**Q** 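Dropping a structure here in structure tokens format, bear with me for questions.
No hydrogens, no waters, no symmetry mates; every other heavy atom, side chains included, goes into these values. It should be emphasised that the depicted structure is a prediction, and the values quoted were computed from it without experimental measurement. In what follows, chains carry the letters A, B, and so on, assigned in the order in which the sequence lines appear, proteins first and then strands, with residues in each chain numbered from 1.
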Amino acid sequence: MALTRPEFVPNPSPSREEMEALQREIADVATFEDDFDFDPATLTFDSPVDLGDDTQQRLTDDGPIVAGVDQAFLDDGDRALSAVVALQDGAIVDRASAVVDTEIPYIPGLLSFREGGAILTALSNLAVEPDLLVVDGSGQIHFREAGLATHIGVTIDVPAIGVAKNLLCGTPAEPIPDHMPEGERIAVEADETVETAEPGTVIGHAVQTRQYESGSTSINPLYVSPGHRLSPETTTDLVSQCAAGYKLPEPTRLADRAADQRKREGGEE
DNA sequence: GCGACAG
DNA sequence: ATCTTGTCGC
């Protein structure tokens, strides 16, 4: 993993104004258009192992390596734990984690300065080079279009996606229904709270990766946005492809599990 | 001053 | 994010 932009490595020391200024630089360098090497069609989560018929064998090269990233906190709340799980063709090919002391509190809009360090450290402990990062948090859906996924993606120049469970800012093109049908997506547009984009610009989507067919209970959509080197549309397509019957895309779900596990087994070390 | 606010 | 058991529903 190469620190393409070492000047962007999250540093909690500067003032709030300086952190926000850095985010504007990051957003300026970020690309919210498709610019990646792998073939989206090869991003699968089907078992590559098919018994019985030789013709079922893959005729193509191995698919892209996707790394899911998730954060957790140790009981004391003063240390952030980042867990990374790398997948290729649906199989886990590597994992890593890191525990870093928390320097600043959670401030909406400045999350990457609190957790970014742990994530970069965890990623540096990975033996493989991910082709795509799926980060828990926002990307372009951010006050300065520089959310956690954008900050990480730009710093190491790797295509990145932001997957959030709640909407940080922006406005859905149409009201989010109580029971959004599975597979549906609604654009999230920049509004006056997004200071770096023209109002109306599509900065992400509300995506329903899983939903009950009937009943009173309902699942809320995910808020997906590009982090780096991806358009909002492609970002949402890829997240949909990563969904394997659960609300969370597989890379995120597995990273979630890894974080919990690592946490219970003692976040120390 | 009031409201809103990823993890 | 985190504090937390059972419980209602598919």
**Q** Touch check for Gly162(A), heavy atoms < 4.0 angstrom, all strands: base, sugar-phosphate only, or nothing?
**A** nothing
**Q** With nearest nucleotides of DNA chain C determined for Thr217(A) and Asp70(A) from heavy-atom distances, which residue corresponds to the more 5′ nucleotide?
**A** Asp70(A)
**Q** Dot-bracket, 5' to 3', for DNA chain B please: Watson-Crick or G-U pairs under 3.5 Å, [ ] where pairs cross earlier ones, | where the partner sits on another strand, dots elsewhere.
**A** .......
**Q** Once you round it to whole Å, what is the distance between P of dG7(B) and NE2 of His142(A)?
**A** 13 Å
**Q** Whole angstrom is fine here: how far is it from CZ in Phe113(A) over to C1' in dA1(C)?
**A** 19 Å
**Q** If I take atom OG1 from residue Thr252(A) and atom CG from residue Asp136(A), how far apart are they, to the nearest 0.5 angstrom?
**A** 7.0 Å
**Q** For the pair made of CZ in Phe143(A) and P in dA6(B), what is the distance, rounded to whole Å?
**A** 8 Å
**Q** Determine: side-chain N/O of Asn166(A) to OP1/OP2 of dC5(B), distance under 4.0 Å, yes or no.
**A** no
**Q** Using modelled atom types and a 3.5 Å cut-off, is there a donor and acceptor pairing between side-chain atoms of Gln140(A) and backbone atoms of Gly227(A)?
**A** no
**Q** Spell out, as yes or no, whether a donor-acceptor pair under 3.5 Å connects the side chain of His142(A) to the backbone of Arg144(A).
**A** yes
**Q** Assert yes or no for the condition that the ring centre distance of Phe32(A) to His228(A) is strictly below 6.0 Å.
**A** no
**Q** In whole angstrom, give the distance that lies between atom CZ of Arg114(A) and atom C1' of dC5(B).
**A** 15 Å
**Q** What's the closest nucleotide to the Lys165(A) side chain, out of dT2(C), dG7(B), dC5(B)?
**A** dG7(B)
**Q** Check whether the aromatic ring of Tyr106(A) stacks on the base of dG7(B), taking stacking as ring centres less than 5.5 Å apart and planes within 30° of each other.
**A** yes
**Q** Indicate, with a heavy-atom threshold strictly under 4.0 Å, whether Leu222(A) touches base, sugar-phosphate, or nothing.
**A** nothing
**Q** Assign Ala72(A) to base, sugar-phosphate, or nothing according to its heavy-atom contacts below 4.0 angstrom with the strands shown.
**A** sugar-phosphate
**Q** Is the shortest side-chain N/O distance from Lys263(A) to OP1 or OP2 of dA1(C) below 4.0 Å?
**A** no
**Q** So does Arg229(A) pair up with Glu33(A), basic N to acidic O under 4.0 Å?
**A** no
**Q** At 4.0 Å (heavy atoms only), tell me whether Asp136(A) reaches a base, stays on the sugar-phosphate, or touches nothing.
**A** sugar-phosphate
**Q** Arg264(A) CZ to dT4(C) P: how many Å, rounded?
**A** 16 Å
**Q** Would you kindly give the CD1-to-C1' distance between Ile219(A) and dG9(C), to the nearest whole Å?
**A** 12 Å
**Q** Just the rounded figure in Å: distance from C1' of dA6(B) to CD of Glu115(A).
**A** 9 Å
**Q** What integer distance in Å separates Ile161(A):CD1 from dA6(B):C1'?
**A** 16 Å
**Q** Does the pair Arg262(A)/Asp70(A) count as a salt bridge with the N-to-O cut at 4.0 Å?
**A** no
**Q** Judged by atom type as modelled, is there a donor-acceptor pair below 3.5 Å linking the side chain of Ser218(A) to the main-chain atoms of Asp178(A)?
**A** yes
